[in-house]
> 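Sharing a structure below in structure tokens format, with a few things to ask.
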Amino acid sequence: MATPIAAQLAVFALFVTAVSAATTGYHNHTVGGAAGWSFNSTTNTTATNYTSWASNQTFDLGDYLIFNTNSNQTVVQTHNKTTYLNCTADDTDNVTFVYASGSSGFGESLTIAVPLTIVGPNYFFSDSSDGLQCQLGLAFEIDVQHGSGLPPNLNQPPPPPYQEPPGPDAVQSPPVTVAQSPTGGAFASRADMRFTVYIFSAALLLLLQFQ
């Protein structure tokens, strides 16, 4: 029979494993925070400093960028630095993706969810107003880390088929329209806290057997 100390160590190990599983996961990053992804065409200014916003975040594979915006802006994702610096999306560039709602309405609220599926530099900008929005600050660069790696539902050549990402991680409530990417997105995986409760309960039962 195991000693009480050994039993307690076993319980502790199970608990640590459970907590680690529950806290390891993927995250949604609301671009610009409460300011969203926005450009004022009257003053020619952005709603916030997106480079500063990005510098305070940590981005991993499987995370999502949530752009709360409207149809006056676009969201362009590229892995081509020249495209980013030129503030122009090239339709022939197979590492550049333009996300849009497909709506012709002016100022229509929408959300664009972009999965991070490639490690390294990822560039984002709006090419609206012939690239002026990008030139005046509606753009930012991030460095995506490997983290936990891609979840199974994103482990395919990007961009994968689109599904709306989970809501609880997003800072703001869903807007009117959810825009789709050229070929979409997918759910960001997150650890289930119920797993922690289950393992912790099992661990307590194990400890009681050794009392």
> Does Asp130 CG have over 12 foreign heavy atoms under 6.0 Å away?
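Not buried by this count: 12 neighbours or fewer within 6.0 Å.
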> Return the minimal non-hydrogen interatomic distance between Asn28 and Ile66, and the atom names on each side.
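Between these two residues, the closest heavy atoms are CB-CG1, 3.9 Å.
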> Does the plane of the ring in Phe59 sit parallel, tilted or perpendicular to the ring in His29? Use 30° and 60° as the thresholds.
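It falls in the tilted class, 30° to 60°.
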> Under a 3.5 Å threshold, yes or no: a donor from one side chain and an acceptor from the other, between Asp90 and Thr96?
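No, because no side-chain N or O of Asp90 sits under 3.5 Å from a partner of the opposite role on Thr96.
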> Testing the basics here: between Asp63 and Tyr26, what is the closest heavy-atom pair and its distance to 0.1 Å?
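Asp63 and Tyr26 have their closest heavy atoms at OD1-CA, 3.5 Å.
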> Under 3.5 Å, side-chain donor or acceptor atoms of residues 135-147 against the rest of the protein: list the pairs with distances, not counting sequence neighbours.
from: Asp143; atom 1: OD2; to: Gln145; atom 2: NE2; distance (Å): 2.9

> Would you say the side chain of Tyr50 lies within less than 4.5 Å of the side chain of Val31, judging by non-hydrogen atoms?
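Yes. Closest side-chain heavy atoms under 4.5 Å.
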> At their closest point, which heavy atom of Val75 faces which heavy atom of Trp37, and how far apart are they?
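Heavy atoms only, the tightest pair is CG2-NE1, 3.6 Å.
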> Are any of the side-chain heavy atoms of Val76 and Val98 separated by less than 4.5 Å?
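Touching, per the 4.5 Å side-chain cut-off.
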> Give, for atom OG1 of Thr78 and atom CG of Leu85, the distance between the pair rounded to the nearest 0.5 Å.
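It is 10.0 Å, given to the nearest 0.5 Å.
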> Applying disulfide bond (SG atoms under 2.5 Å apart) as the test, list every pair that has at least one member in residues 44-93; sequence neighbours left out.
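Residue pairs with at least one partner in residues 44-93: Cys87-Cys134.
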> Write down the atom of Ile112, the atom of Tyr99, and the distance for their closest heavy-atom approach.
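Where Ile112 meets Tyr99 most closely, the heavy atoms are CG2-CB, 3.5 Å.
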